[in-house]
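Structure record follows, encoded as structure tokens.
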Amino acid sequence: MATILIGVVATSHSQEFKDGTIDTGDKYENASLEHYESPEIIKKRLAWWEDARFGMFIHWGLYAHDGCHWNGQYGRSEHMMLKLQIPIAEYKKIADAFNPVKFNADEWVSIAKNAGMKYMVITAKHHDGYAMFNSPSNAYNIVERSKWKRDPVKELAEACEKQGLKFGVYYSLGRDWHDPNCNSIKGRRSNTWDYPNEEGKVLEKYIEGKVKPQLKELMTQYNPAIMWFDTPEHVTKTQSLEILKLIHGINPDCIVNQRVGNRLGDYAVREQKIPETGQPDPWESCMTLNHTWGYNKIDREYKSVETLIYNLVDIASKGGNFLLNVGPTGEGVIPDLSVDRLQRMGNWLKVNGQAVYGTSVAHIKDFKWGKTTQRKTKDGTTLYLTIFEWPKDGLMTLEENLDIKEVSMLISPDYPVSYKKNGTSTTFNLPDVAQDPIATVLKIKLNE
Ligand code: FHN
């Protein structure tokens, strides 16, 4: 069994505090959420999303043009403009040259679909302030200011519609290095080289002059099912609420994540980590395939497919969603190593997907061979035991007194799995060796 690296991730420095924790610009990152709507409304809104469990995150923008490099300098990540303190006048020249001729929205959506992903979230505007969509309210956008002049957000929204994936957009809320009025906590993540007077910045002008007009455009032009905000920084509670009401005024079913700020939003975000246990609120772990969100032409340290499938099942076993990122190139191509990992995850999910989609936390005591999930339907409860470490001689004893109707392995449903019960425990007699090189799922239908 290949080594599975549990939750091991190294991010690039410009996003970290000295202690290595990620600077998400969210003061309330670990606080439980508060809601301005009834729990019923939020439960209904999240229903498809909680069943979906697995989505594609896409970080794509001008930083991909030369793979997080600028003028031969290494910019490390999508934070390149901040890292190298690139003046806006210079950074704009990247827009003028940006020409992703190989971009194919149907192909991107097919890659996500074949990976077993049910939704997709693309960066409509990242910290550099450049709109990767048609934004009549702000000329610093890909349709008006690029060599390419197409609208990738529109094309991806249509491709998702066609192929049955839910579509979402990412919007950098409290960080914008192009806008003269966007400040940040202690100015750490602000453009202080073009706009040195941090105290003089009036965030309200940015929210009213850029954010709200662009959110209206995103909601009305592309009807996203998810608004994925990032780094709320100094956004006030009033502003967070106004933004939520603006979005729900246009589409009451649009899901908004925690980073709208101030403990609001429908679900919590856990970045580059998997919590030890389930969370008080619905939650999603977003993670890179390598070390960088944006395309970094020298970062080829990709996680193994074993680690990625382990992370997906681990997250599902704790009732969470997995938003796995790709960073397409400046030409508009999803890197080969990303496609490889995703394709192989899809192959495993084609056989074992029912152990992930539409499942919830299964309370099986000390299951040391892997992770457990369950699905409750009107026909009863089905347990899924995803085995990553094969039990010695195929003998697996659970300290559970299970009332079993039927038991089988998803990869070889005809193999007769026998079991013996003695009082409080149940022993399963499995084949001597693992049936799948990554993980084998045991499906146990219970008599209710
Ligand atoms: O600074 C961003 C980073 O570039 C990336 O977008 C991640 C994705 O969740 N969020 C911020 C860091 O927390």
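Computed from a predicted structure; not experimentally measured. Counting convention: from 1, in listed order, for ligands and their atoms alike. These numbers come from the heavy atoms of this one structure, side chains and all, not from hydrogens, waters or symmetry mates.
Within ligand 1, counting atoms from 1 as listed, the ones closer than 4.0 Å to a heavy atom of Thr24 are 13 (O). Here is the list of ligand 1 atoms found below 4.0 Å of a heavy atom in Asp23: 12 (C), 13 (O). Ligand-side atoms of ligand 1 in range of Ile22: 13 (O), range being under 4.0 angstrom from any heavy atom. If you number the atoms of ligand 1 from 1 as listed, the ones under 4.0 Å from a heavy atom of Cys286 come out as 9 (O). Near Arg259, meaning under 4.0 Å from one of its heavy atoms, ligand 1 places the atoms 9 (O), 10 (N), 13 (O). Numbered from 1 in the order shown, with element, the atoms of ligand 1 that lie under 4.0 Å from a heavy atom of Arg175 read 1 (O).
Across every non-hydrogen atom of Cys254 and Arg45, the tightest pair is O-CD, 3.5 Å. When all heavy atoms of Asp151 and Met132 are compared, the pair lying nearest together is OD1-O, 4.1 Å. Closest approach of Asn325 to Thr288, counting heavy atoms only: CB-CA, 4.2 Å.
Within a 6.0 Å radius of NZ in Lys350, more than 12 heavy atoms belonging to other residues, nucleotides or ligands are found.
Without hydrogens or angle criteria, Asn290 side chain to Glu301 main chain gives no donor-acceptor distance under 3.5 Å.
Between His127 and ligand 1, a contact under 3.5 Å exists for at least one N or O pair.
Here the rule is ring pair (Phe, Tyr, Trp, His ring centres under 6.0 Å) with His126, and of Tyr171, Trp60, Trp177, Tyr63 only Tyr63 fits it.
In the candidate list His79, His59, His126, Glu78, His79 is nearest to atom 1 (O) of ligand 1, counting heavy atoms. When the heavy-atom distances from atom 11 (C) of ligand 1 to Asn325, Thr288, Asp230 are ranked, the shortest goes to Asp230.
Side-chain contact check for His248 versus Val256: some heavy-atom pair is nearer than 4.5 Å.
Within the 4.0 Å heavy-atom shell around ligand 1 one finds Trp228.
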